[in-house]
Each structure stands twice: as C-alpha cells, then as structure tokens.
There are 2 protein chains.
Amino acid sequence: MSAHIFVVEDEKPILTLLTYNLEKEGYKVSSSSNGEEALPLIKEKKPDLVLLDWMLPDLSGIKICQYLKQDEKVKNIPVIMLTAKGEEEDKVKGLNTGAEDYITKPFSFPELLARIKSLLKRVKPNIVSEEATYLDLKIDRESMKVFRKEKEISLGPKEYKLLDFLIKQPKRVYSREQLLEHVWGDDINVESRTVDVHITRLRQSINIEGAKPLIRTVRSAGYSLEN
Amino acid sequence: MSAHIFVVEDEKPILTLLTYNLEKEGYKVSSSSNGEEALPLIKEKKPDLVLLDWMLPDLSGIKICQYLKQDEKVKNIPVIMLTAKGEEEDKVKGLNTGAEDYITKPFSFPELLARIKSLLKRVKPNIVSEEATYLDLKIDRESMKVFRKEKEISLGPKEYKLLDFLIKQPKRVYSREQLLEHVWGDDINVESRTVDVHITRLRQSINIEGAKPLIRTVRSAGYSLEN
DNA sequence: TAAATATTTAACAAATCTGTAACATTACTC
DNA sequence: GAGTAATGTTACAGATTTGTTAAATATTTA
C-alpha cells in the first residue's frame, strides 16, 4: 500500500519535477498550484503527507500550514515546507506553525525523498488500509465487520473504534489518555477509567472459544493489542 | 541514544540553569564559558547541536557561528543563538552567519526545548529512538518490552523507567538524587536509599542465567548501566 | 584489624492500579 | 413513546508495586 502525497507549489517546473519523481518512487501524488483551492482539497483527500511551498502567491504556505495544524481532522498529517533561500529568516516563524520539516530550495531530490520516508515512517498509523489483520483477528473497514478466526464478531460502536485504532499499530502501548484522545476525541471530557471498562467489553467481545486473549495490559502505562 | 548539546555561555547562572535543565531532559551536555576555547572543542566533539551566546566577551558568538558555518566538517551542526534583548536588531546581521534559530534572553525554557527538539528532529529524525540496546539488553519503547539475549523480561513500571533512563547514556554514572529526579520526578519526596532497592530489583529482573551483571555501583557516587 | 562508611537484600505494610459488576443516564430503534 | 442498546460512572475486591526499615554484607579508612 503506497502513501499519498499532496504537493502545493506554484512554480510549475518544480511541481512537474516533484510529481514525476515521486510517482516514479511509487507514491500517489495530488497537487495544486493554488493555495486557496489546496486547503479544502487537502481536508477532503486526507493525504498521508503534504509538501508545501512556503510562499504561495494567494494563500501562503505558512497560513495553510497553520490552518491545517489547527484542524483536528488533519493536524496529524505531516507537512514539509519548501522555503526559498531568501526566506530563511522566516524559519523561526515557521517553527510555530508546526510543520514537521523544512527544506530550502533548490533542494536535492534524494534528500527530500529521505525526509519524506522518514516522516511517513513516523506516521504509519495514519495510513489506513481497508483491511487490517492481527493474528486471527480481522477488521474490514469498508463493511465495518470484524472477524475472529473467520467468524464474524459483533462489536458496539465504541468497541469497534477502539479496536480499529489499536490494530493500526498492534504492539504499541497506548495510555488511557491517548486512547481517549484518538478514540473518543480530545474535546470530550470522560474519566480515564472509562477506558478500562471499554477494554473489558472489547475483550469479552473478541474473545472466542479456544483463542488467545489479544489485549495486553501494561501496568501504569496502558493497553496494546497483543497477546 | 540521546543527543549531545554544546553550550557556549559566559553568564554562569544561565549556563548552570541550561545544563541542569537539559540534562534533566536526558541530553548529554558539554559547555564552555569561553569563546576561544569553545571553537576547537566543538570541532573536536561534534555535538548534535550548539547553543551559543550572541555576545561572548572574548570571541563573540557571531564570529564563532561564522567560523562553524564555514567549516565543511561542522557546518551541518545546527546552531541556536541566544541574543540579549538589546541586540535584537542585530538579528538580521546574524541571519547571515547561518544560525538555525534565535532566542531572546530572557527566554522560557519550554520554548527553548521546543526549538531544540524541532531542530534535532530535522538533523536526527529519531533522536530518542523507539529502540535502545546495550550489549545483550534491548528495550523497545513502542511495546514497552525489555529483552535480554532475545528473551523477554518483565519489569515493574519503576524498573522499566529506571532502565529506560539509564540506557539513554550507558556508562554514565548517575547519583541517587539524579535518578530520583529523572525517574521519580522532582516534586516527589522519597528517601535516596529507595533507589538502592529499585536498583537491586532491576538487577534481579534483568539478570538471566549466564549473562554478565549490567549495573555498576560506584561507591559514594551512584549507579550506571555498564558491566 | 577494628571502626567507620556504604551498599545489598529480605520482609512487610502502605499505596496504587486494574478488572468487573452494578447502576444511572443517554441515544437509538421500531 | 416504549423498549432496547450503548455509554459513563462508581464501588470494591484482588493483584501488583512501592517505600521503608533493619539486618547482613562489603568496602574503605585509620
């Protein structure tokens, strides 16, 4: 499964070059040479990574980045900013926009590629596929069905979300707070012990005869999907 | 593996504060309060980042930065300059020296920390890596598991934290007080002898048949992860 | 070598953390 | 609108972890 990269760049030669090279590397590329139209497109398409020219003519890259990083739904998409040489002083300003990386134009493509890969590796959990499995557990996100050993299991909405989240990085341990943030949403105000209860319910649901328990408790730390 | 930061600052209180706080965050810190001696030291030690006072008495920070940025071997080390308030207008001048960031004194430590992290992220994308090893000991921070010779070891929360901290800089000796601060947290009030007990427990946990002891006691000084 | 100093370890009580049942409340379905 | 399902909270039992103490052991000093 390949990552989807969104490029916002008004300099056509650069855009063409980037698109060409990135696609050659196997990435799916979308682009816009116009800041104003880029923002809604990014929110709609939810790419895995955004390459953003610092100084776009209409809506500047800095602004776009700020908007993205303020929006709950897309703030986790990593952003690499392309800053031209003369704008280097603005780097400091850029720190506060929350972009994950900066590259000064003109840049070497291999370097860019390395940085892209490095970032994508870190946000792997955001790259979701239609189907995920862990051992004998399978989740089909299209039909929203869950199977254990080929047998369908019925989960409540929250249990489904919880599993959906945990299975993205099965072995990673998440704190109750992290789970609340990602599964419940961070504005919500819910006791962290509530997570325990839902974990218990999820455990009961996915537990079938003759199968291992799949959720690990890590004392004073949290939970992970693992046995 | 933790990042190495070099601080050049002639104001002793600031230098002390910085060193203290940075080490508390787990960074390795070297320093110099003298510009002339700093330059060769930086070239020799090749830290991951340099914090540089703008106006040093002998050899100014600007000069040092210029020299660093002209030297092929160290030009890639990011530099953060600490400018005093009155010197703010000189920022523009400073930009040409190639420093990566500027902070005006007095500064808030959390802000400095954020900038350091942001810079380090670019240079060393995974400075606090998800995995650390020392000899036959491995700690996976993602799943929060510890292995000795490929075999999983189960640790209590505090033991895990202790090891997690010690392994960031193996061989470095930490006093009981330092360990209390880093592993327990500094508001807490716990006897320093308690550290001994936890070290003992950690020793027992990570000690498996036919493997060397990995924690060294340094009499009247503290402990280190070393054999 | 004895005394002084420092560290290791076992034992135990106190504190903390987790699992789950029970219940109240809210949201949804027909 | 009644009935059903889902959700969040609380309470409590049981399990694990933690800090302290004190005695045993080790190391240094005089």
Side-chain angles (χ1 to χ4, degrees), chain A residues 144-146 152-166 173-207 212-227, chain B residues 143-146 152-166 173-208 212-227:
Chain A
M144 298 185 70
K145 283 182 177 172
V146 176
E152 188 179 347
I153 285 168
S154 97
L155 298 183
K158 200 118 282 177
E159 287 159 39
Y160 177 84
K161 271 191 168 181
L162 194 49
L163 180 64
D164 181 23
F165 179 70
L166 288 173
V173 176
Y174 293 99
S175 70
R176 292 176 176 73
E177 284 65 35
Q178 286 176 310
L179 292 173
L180 282 175
E181 198 184 310
H182 288 104
V183 179
W184 274 255
D186 44 13
D187 52 335
I188 212 91
N189 140 295
V190 169
E191 298 289 323
S192 78
R193 293 295 266 91
T194 300
V195 175
D196 298 25
V197 179
H198 283 273
I199 288 284
T200 298
R201 289 169 182 161
L202 178 56
R203 274 179 171 142
Q204 288 165 352
S205 299
I206 65 174
N207 177 47
K212 285 182 191 170
L214 282 187
I215 296 179
R216 177 165 77 115
T217 303
V218 181
R219 194 165 228 259
S220 86
Y223 300 95
S224 73
L225 183 65
E226 197 175 8
N227 63 350
Chain B
S143 63
M144 302 184 76
K145 284 181 176 174
V146 176
E152 188 179 345
I153 286 168
S154 104
L155 299 183
K158 200 120 280 176
E159 287 159 39
Y160 177 86
K161 273 191 177 176
L162 193 50
L163 179 64
D164 181 21
F165 180 71
L166 288 173
V173 177
Y174 293 99
S175 70
R176 293 176 177 72
E177 285 65 33
Q178 285 177 308
L179 291 174
L180 279 176
E181 256 193 58
H182 290 110
V183 179
W184 274 254
D186 39 19
D187 53 336
I188 212 88
N189 131 298
V190 168
E191 301 288 324
S192 80
R193 298 260 109 235
T194 300
V195 175
D196 299 22
V197 179
H198 282 274
I199 288 284
T200 297
R201 287 170 182 159
L202 179 56
R203 275 180 170 140
Q204 288 167 351
S205 298
I206 65 175
N207 176 46
I208 67 168
K212 286 180 191 170
L214 282 187
I215 296 179
R216 180 165 77 110
T217 303
V218 182
R219 193 163 226 260
S220 82
Y223 300 95
S224 71
L225 184 65
E226 193 171 3
N227 71 343

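All chains are named by letter (A, B, ...) in the order of the sequence lines, taking the proteins before the strands, and each is independently numbered beginning at 1.
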Take the protein atom [atom1] of [X] and the nucleotide atom [atom2] of [N], then report the distance between them rounded to whole Å.
X        : N      : atom1 : atom2 : result
A:Leu202 : D:dT7  : CG    : P     : 12 Å
B:Glu191 : D:dT21 : CD    : C1'   : 10 Å
B:Lys161 : D:dT17 : NZ    : P     : 14 Å
B:Arg201 : C:dT8  : CZ    : C1'   : 12 Å
B:Tyr160 : D:dT17 : OH    : P     : 15 Å
B:Leu180 : D:dG19 : CG    : P     : 9 Å
B:His198 : C:dT8  : NE2   : C1'   : 14 Å
B:Leu162 : D:dT18 : CG    : P     : 10 Å

**Message:** Name the residue from A:His198, A:Arg176, A:Gln178 that meets the side chain to side chain donor-acceptor pair (under 3.5 Å) definition with A:Tyr223.
**Reply:**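 That would be A:Arg176.
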
**Item:** Inter-end axis angle, the helix from C:dT1-D:dA30 to C:dC30-D:dG1, with every axis fitted to five base pairs (rounded, 10 degrees)
**Value:**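 Inter-axis angle at the ends, rounded: 30°.
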
**Message:** Just N and O in the side chain of B:Gln204: are any of them under 4.0 Å from OP1 or OP2 of C:dT8?
**Reply:**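 Indeed not, no polar side-chain atom of B:Gln204 lies that close.
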
**Prompt:** OP1, OP2 of D:dT18 versus side-chain N and O of B:Trp184: anything below 4.0 Å?
**Reply:**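 No, because none of the side-chain N or O atoms of B:Trp184 sits under 4.0 Å from OP1 or OP2 of D:dT18.
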
For [X] against [Y], the heavy-atom pair lying closest together:
X        : Y        : answer
B:Ile206 : B:Ile153 : CA-CD1, 3.9 Å
B:Pro157 : A:Ser220 : CB-OG, 3.1 Å
A:Val173 : A:Ala221 : CG1-CB, 4.3 Å

Got a list of protein N/O to nucleotides 26-28 of chain C N/O distances below 3.5 Å?
none

**Message:** Looking at A:Arg203 and A:Ile215, would you say the former's side chain and the latter's main chain have a donor-acceptor pair under 3.5 Å?
**Reply:**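 Yes; judged by distance alone, with no hydrogens or angles, the pair exists.
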
Side-chain touch [X]/[Y], heavy atoms, less than 4.5 angstrom:
X        : Y        : value
A:Val146 : A:Asp164 : no
A:Trp184 : A:Lys158 : yes
A:Ser224 : B:Met144 : no

**Item:** SB check B:Arg201 B:Glu159 (cutoff 4.0 Å)
**Value:**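 Between B:Glu159 and B:Arg201 there is no salt bridge, as every charged N stays at least 4.0 Å from the carboxylate O atoms.
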
**Item:** B:Pro157, nearest nucleotide to its side chain (from D:dT18, D:dT9, C:dA10)
**Value:**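 Nearest nucleotide to the side chain: D:dT18.
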
**Request:** Using a 4.0 Å cut-off on protein heavy atoms (strictly under), produce a 5'-to-3' string for nucleotides 14-19 of chain C with B for base contact, S for backbone-only sugar-phosphate contact, and - for none.
**Result:** --BBBB

